[in-house]
Colleague: 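One structure is given below, represented as structure tokens, and several questions about it will come after.
In listed order, ligands and their atoms are each counted from 1. The shown structure was predicted, so the numbers you read here are calculated from the model rather than taken from an experiment.
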Amino acid sequence: MDPVTRLGVVGCGLMGSGIAEVAARSGIDVRVAEATPDALEAGRRRLTASLDRGVRRAKLSEEQRDQALARLSFTHDLSDMADRQFVIEAVAENRDIKTDVLRILDKAVEDPAAVLATNTSSIPVVDLAVVTERPAQVIGMHFFNPVPVQQLVELIPALLTSADTVQRTRDFAEQLGKQAIQAPDRSGFVVNALLVPYLLSAVRMVESGAAQPEDIDRGMELGCAHPMGPLRLLDLIGLDTAQAVAESMYEEFKEPLYAPPALLRRMVAAGHLGRKSGRGFHTYDG
Ligand code: 3HC
């Protein structure tokens, strides 16, 4: 299949900015959309900071950073996605917001063969596909945080996704330098189905007073060679996102192991969202 040359990314939060960065660094023209000027500016800053960090870490030259920045354009208006061949939505993990975005994209993107991918972590892809007129070209393409570092992409064909769309998305993942696994269209797919119960168990351990966050994290880092313990990982993912993912999974399976613990809900209500707010199970500077 022909490589993708014009990508759209909707949402420039942690995931959207990472996806846009990886694509721009792979030589693709990327148009990024955000709902508000503030969110767009924050996304642009995050993207630039990540590219600068790449230069500092000698992952890319200044020239490559500048070329990547030149391939990125920003908009508030989803009708600017008209000429895109492939669009990934990476907006908040909220069914209504994602549904709205997909409906608008379906009308805005002119090429009827263009793929509309969703980076949902937990919402069944078919529920999002059926709001469009092109369900055969809707697929889950689930990236992992931090996107520039994690190699994996989960491909989630829904019941209505065509074999051609799966192949084009697999080729596109390869074009981005990622490795794909195919996952079932069940809430949580493969990785979150295993990861989320583990993360929530760590929250329950804190909630019950059984162990301190520092000890839980050190336990898994030093005892099992995880790059970060479960509570640091929750802080990286964002506690609000983790809560939303757990809620979708609980809604699907009604299994207590997916139910967000009260402590997680209270922390989200308090604005302790993890790294992005400076405080979660741990505190962060800057
Ligand atoms: N962008 C680009 N590169 C980055 C980066 C970023 N945001 N963050 C880290 N890196 C690179 C660094 O440059 C460094 O590369 P180098 O070793 O070649 O110089 C390397 O990653 C390691 O970074 P650091 O030395 O700064 O820090 P750590 O060694 O502590 O690693 C980490 C940080 C990469 C986040 C590592 O701790 C990790 O992999 N943690 C686990 C993350 C994880 O499990 N992610 C999945 C979350 S689940 C998910 O996303 C699904 C969703 O649906 C919930």
Colleague: I'd like a table of the close N/O pairs between ligand 1 and the protein (anything under 3.5 Å), one pair per line with both atom names and the distance.
Modeller:
from     : atom 1 : to     : atom 2 : distance (Å)
ligand 1 : 8 (N)  : Arg53  : NH2    : 3.2
ligand 1 : 10 (N) : Arg53  : NH2    : 3.4
ligand 1 : 13 (O) : Lys59  : NZ     : 3.0
ligand 1 : 15 (O) : Lys59  : NZ     : 2.7
ligand 1 : 18 (O) : Lys59  : NZ     : 3.1
ligand 1 : 19 (O) : Arg57  : NH1    : 3.1
ligand 1 : 26 (O) : Arg53  : NH2    : 3.0
ligand 1 : 26 (O) : Arg57  : NH2    : 3.0
ligand 1 : 39 (O) : Gln150 : NE2    : 3.0
ligand 1 : 45 (N) : Asn145 : O      : 2.7
ligand 1 : 50 (O) : Asn145 : N      : 2.9
ligand 1 : 53 (O) : Ser121 : OG     : 2.9
ligand 1 : 53 (O) : His142 : NE2    : 2.7
ligand 1 : 53 (O) : Asn192 : ND2    : 3.1

Colleague: As a quick check of understanding, evaluate salt bridge (charged side-chain N to carboxylate O under 4.0 Å, His left out) for Arg168 and Asp164, giving each step before the final call.
Modeller: CA-CA 6 Å; Arg168 285 165 68 196; Asp164 178 61; 3.7 Å; yes

Colleague: Taking only residues two or more places apart in sequence, or in another chain, which ones meet Asp106 in a side chain to side chain contact (heavy atoms under 4.5 Å, CB included)?
Modeller: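 So Asp106 forms a side chain to side chain contact (heavy atoms under 4.5 Å, CB included) with Leu116, Thr132, Glu133, Arg134.
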
Colleague: List the steps, then state whether side chain to side chain donor-acceptor pair (under 3.5 Å) holds for Thr118 with Glu89.
Modeller: CA-CA 5 Å; Thr118 168; Glu89 77 71 20; 2.5 Å; yes

Colleague: Could you tell me whether the side chains of Gln85 and Thr5 share a donor-acceptor contact shorter than 3.5 Å?
Modeller: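 Their side chains do contain a donor-acceptor pair, which is all the 3.5 Å distance test asks for.
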
Colleague: Provide the full list of salt bridge (Lys or Arg N to Asp or Glu O under 4.0 Å) pairs with a residue in residues 201-218, sequence neighbours left out, each pair given once.
Modeller: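 Matches after skipping sequence neighbours: Glu214-Arg232.
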
Colleague: Check side chain to side chain contact (heavy atoms under 4.5 Å, CB included) between Gln151 and all other residues, then give those that pass, not counting sequence neighbours.
Modeller: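 Expected list: none.
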
